[in-house]
Structures are given as structure tokens and as C-alpha cells.
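Report on one structure; see the data block that follows.
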Amino acid sequence: RAKDQGRNNFQYFTDDMNIESLARMSLENELRIAITNEDFVVHFQPQMDLSQARVCGYEALVRWRHEQVDVIPPDRFIPVAEETGLIIQLGEIVLRQACLQMKALQSSGISDQSVAVNLSARQFRDRNLVPMVRRILSETGLAPRWLELEITESMLMDNIEQAISILTELKSIGVAIAIDDFGTGYSSLSYLTQLPVDKLKVDRSFVNKLPDCPRHTAITTAIIAMAQRLNLQVVAEGVETEPQASFLSSHQCNIQQGYLFCHPVSAAELPAQMIRMKSHLASVTYPQATPT
Ligand code: C2E
Ligand code: MG
Ligand code: MG
Ligand code: MG
């Protein structure tokens, strides 16, 4: 019997599922504490408008200031926050910081620049979303037109009628809406015409195959063309090389975001990055598409 028990214990502790769930429980606990202490900072990644050689906006990306671990990527803790509901508090922390810091940037002289904040599925369906966004905007003093909210296709397709009504309410506040990671979800294209959205962000998995992969260039140019016909802005994300940037701008996708221009950095690091990016832009000429 002792032997059996021993073996059971042994099995218990070597069971991958259990090790995984223990790690997850501790991540969940740490996340709870981190939220209470607001151990998060928002980093900003510039979005370039290559037709004007300038920065036109930023994406806000959350970073966990963890004591022991150097970096816990959002792809690891956002899903946990999402499943536990902690995303509601975390999302508000991120939105407040993003708006506050954007407001500060604007007061320090920059203009015509907006900040894009990612929403998770649970935040999007939260009853308090619209009042929360309104409240943060009024608390921070950021004008609604400088805020953009990023959602994904799957969040829309879950329940299209409900999504349209949430988006309509958000739009009535005056904020802009972008569809993130576009092309990777299961959008029904016919709905795209009914959705009150402003922008499509071409997913990085297409962008990083440019300009040589015929299939990915075909999809990317089709998304750009469709966005233009629907009067939507289009942004390329994950631009890492000059050939990618040139290909995109020669196909009328002038708004681009990626490591080629700038990594996500803290607000304090932005001024130095701006100087670096200005000299980068001065040294390259991006091809512009000739109007047809
Ligand atoms: P996303 O919204 O699609 O954000 C873009 C991700 O691509 C960011 O990763 C960014 O750092 C990374 N990236 C930017 N340029 C490049 C590039 O040139 N090459 C490559 N390989 N990557 C690039 P990050 O910050 O690790 O965030 C990952 C995902 O986590 C985000 O994807 C978003 O879905 C989620 N996330 C991040 N912050 C938040 C947040 O505050 N709230 C919510 N709900 N989700 C967030
Ligand atoms: Mg995003
Ligand atoms: Mg994305
Ligand atoms: Mg993503």
C-alpha cells in the first residue's frame, strides 16, 4: 500500500498538468498583488506616417515591473488576467496611464498624435466599459479624439449585433476603433461594411513575409486595397526591414509600426527615440504609390 501511495504521489508531482496549474496559480496570485500595487508601466511604440516622415501616434503596451523576473511578456499574463477577470482592473490601470502620459506628451508640445490602447475580449463585453472610458478621459483630460481602442476580429464575430452596439456607443464618445491583427481571425468580410471601425492593422505574420512571399504579398495588398475602398485607415504592424517598409509604402500603406522604426519604450525614453527616428527618416526615401 505504501508503495502504491508513493507511486501516486510521484505521479501527482510529475504530472505536467499539475505542475502547469501550480505555476499558473502562483502567476495568478502574483498578478493579483501586482494589480493592487500597480506594478505596471505602459510602454509606447510610435506609429510612423511615412508619407509625411513623422510620428502620427503610439500604441500603448503594458509591461509588468516584476521583482524577480526580468520580463514577463504580456502574451503570458494577459490571458491569465483575462480568464480570472483581473483584466478589468488591469485594463483600467493601463488606460489611465496611457491617457495621462499622452496628455503630458501633448502638453510638452507634440500635437496631432494619438494613443492606441488594446482591449481584451472580457473588457470589450464588460457593461462598465463605456462609462469607464468616459471617466478616464475626463479624469486625465485627454480629448477623446486622441484615443484609439484596438480590438480583434474574434471579439467582433463572437456576437456581431452586440459588438456593433458596443462600438457605436464607443464611437459616440469620440474615440477611434482599430481592428488589431487583421487577417488572422475569422472576420466575415461582409460585416466589415457595417462595423463602425476606423482602422485595420495588418498582422505582423503577413508583414514579416514581405516582400518575397507571393501569397503574403497578395494578402497584404488585398487588405490594403479593401481598406481603401471601405475608407478605412490601414496600419502595418511588425515592420522590421527597409524592404518591408518600402514595399508597404509603394502600395499606399504609409502608416507603419515596428522595430525598424522604434521598439516600445517608456514615455521617458521617447524624446531620445524621436531624435533617432528623425535622422533615420531623413536618411531614407520611401517610395510613394502613384495615384491611379
Ligand atoms: P499587439 O497588440 O498585436 O501588439 C504588438 C506586439 O508586437 C507587441 O508585443 C509589440 O512589442 C510587438 N512588436 C512591435 N513591433 C514589432 C516588430 O517589428 N517585430 C516583432 N516581432 N514584434 C513587434 P507585446 O508588447 O509583447 O504584446 C503582445 C500582445 O499582448 C499584444 O499584441 C496585445 O495583444 C497584448 N497586450 C499588450 N499590452 C496589452 C494591454 O495593455 N492590454 C491588453 N488587453 N492586451 C495587451
Ligand atoms: Mg495591438
Ligand atoms: Mg497586433
Ligand atoms: Mg496581438
Side-chain angles (χ1 to χ4, degrees), residues 31 34-35 38-48 55 57-66 70-102 114-126 129 132-133 136 147-155 176-185 187 197-210 220 223 234-245 248 255-266 269 273 277 280:
L31 195 56
I35 287 170
E38 299 210 5
D39 283 337
F40 298 91
V41 279
V42 173
H43 279 194
F44 295 88
Q45 185 176 38
Q47 294 181 344
M48 318 301 293
V55 171
Y58 304 87
E59 179 172 16
L61 295 156
V62 68
R63 298 292 178 258
W64 184 347
R65 288 186 303 187
H66 195 281
D70 231 18
V71 186
I72 306 175
D75 282 334
R76 210 168 120 63
F77 67 85
I78 294 286
V80 178
E82 176 76 6
E83 281 164 47
T84 52
L86 291 167
I87 193 70
I88 301 299
Q89 287 161 272
L90 179 57
E92 186 170 331
I93 292 172
V94 171
L95 185 65
R96 182 179 293 107
Q97 268 196 42
C99 292
L100 261 183
Q101 300 193 29
M102 194 61 210
S114 56
V115 65
V117 177
N118 292 282
L119 290 185
S120 76
R122 194 134 165 186
Q123 278 179 288
F124 186 64
R125 304 277 169 201
D126 182 35
L129 174 69
M132 189 275 282
V133 172
I136 299 287
L147 177 64
E148 187 171 287
L149 297 171
E150 294 191 2
I151 54 175
T152 60
E153 289 165 88
S154 56
M155 286 156 60
I177 308 289
I179 305 184
D180 203 358
D181 307 339
F182 190 78
T184 60
S187 277
V197 301
D198 305 280
K199 222 180 206 183
L200 301 182
K201 296 188 76 177
V202 182
D203 190 66
R204 146 174 120 223
S205 61
F206 302 114
V207 173
N208 70 24
K209 304 280 187 345
L210 302 179
T220 304
I223 293 174
V234 60
V235 184
E237 61 177 5
V239 178
E240 293 183 353
T241 69
E242 292 292 358
Q244 290 166 1
L248 287 158
I255 307 183
Q256 300 181 21
Q257 178 185 350
Y259 295 165
L260 174 65
F261 307 104
C262 192
H263 282 252
V265 295
S266 69
E269 293 168 278
Q273 291 299 321
M277 278 187 290
H280 173 97

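First listed ligand is number 1; within each ligand, the first listed atom is number 1. Counting from 1, the numbers follow the sequence of the chain as shown. All values reported here derive from a predicted model rather than from experimental measurement.
Among the heteroatoms counted here (N, O or S) of E59, OE2 is the one nearest to the Mg ion (ligand 2). Restricting D180 to its N, O or S atoms, the one at the least distance from the Mg ion (ligand 3) is OD1.
A donor-acceptor distance shorter than 3.5 angstrom exists from the side chain of R122 to the backbone of E82, with no hydrogens or angles considered. When atom types are taken as modelled, the side chain of D198 and the backbone of A178 share no donor-acceptor pair closer than 3.5 angstrom. A donor-acceptor pair is defined here as one N or O able to donate and one able to accept, closer than 3.5 Å; no such pair exists between the side chain of Q256 and the backbone of L248. Between the side chain of Q244 and the main chain of E240, a donor-acceptor pair closer than 3.5 Å is present.
In summary, the atoms of ligand 1 found under 4.0 Å from a heavy atom of E237, numbered by their order in the structure, are 3 (O). Taking every heavy atom of D180 and a limit of under 4.0 angstrom, the matching atoms of ligand 1 come to 1 (P), 2 (O), 3 (O). With ligand atoms numbered from 1 in the order given, ligand 1 contributes 28 (C), 29 (C), 30 (O) to contacts under 4.0 Å with heavy atoms of D75. Listed by number with element, the atoms of ligand 1 under 4.0 angstrom from any heavy atom of E240 are 17 (C), 18 (O), 19 (N), 20 (C), 21 (N). Residue Q45 has at least one heavy-atom neighbour below 4.0 Å for each of these atoms of ligand 1: 14 (C), 15 (N).
Ring geometry for W64 versus F40: interplanar angle of 30 to 60°, hence tilted. The aromatic rings of F261 and H280 stand perpendicular to each other, their planes meeting at an angle above 60°, with 30° marking the opposite boundary.
Remark: E92 pairs with R96, M132, R135, I136 by the side-chain contact (heavy atoms from CB on, under 4.5 Å) rule, at least two apart or across chains.
Taking the side chain as every heavy atom from C-beta outward, E153 and T184 approach each other to under 4.5 Å. A 4.5 Å side-chain heavy-atom check between E150 and D181 finds every atom pair outside the cut-off.
In summary, no N, O or S atom of D203 is located under 2.8 Å from the Mg ion (ligand 3). Residue contacts to the Mg ion (ligand 2): E150 brings an N, O or S atom closer than 2.8 Å.
No part of L260 comes within 4.0 Å of ligand 1, judged by heavy-atom distances. With a heavy-atom cut-off of 4.0 Å, Q244 does not touch ligand 1 at all. The proximity of R204 to ligand 1, defined as any non-hydrogen pair under 4.0 Å, is limited to the side chain.
Nearest to atom 33 (C) of ligand 1 by heavy atom, out of T184, V62, N118, is N118.
Rounded to the nearest 10 degrees, the angle OE2 (E237) to the Mg ion (ligand 3) to OD1 (D181) equals 80°.
No option in D203, N208, L210 other than D203 meets the side-chain contact (heavy atoms from CB on, under 4.5 Å) test with F206.
E82 does not count as a contact of ligand 1, since none of its heavy atoms falls under 4.0 Å from the ligand. Using 4.0 Å as the threshold, E59 has a heavy atom nearer than that to some atom of ligand 1. Ligand 1 has no atom lying under 4.0 Å from any heavy atom of P73.
Taking distance alone, with nitrogen or oxygen atoms compared against 3.5 Å, I87 stays at or beyond that limit from ligand 1.
Side-chain contact of Q47 with Q257: a donor-acceptor pair under 3.5 Å is present, judged by distance alone.
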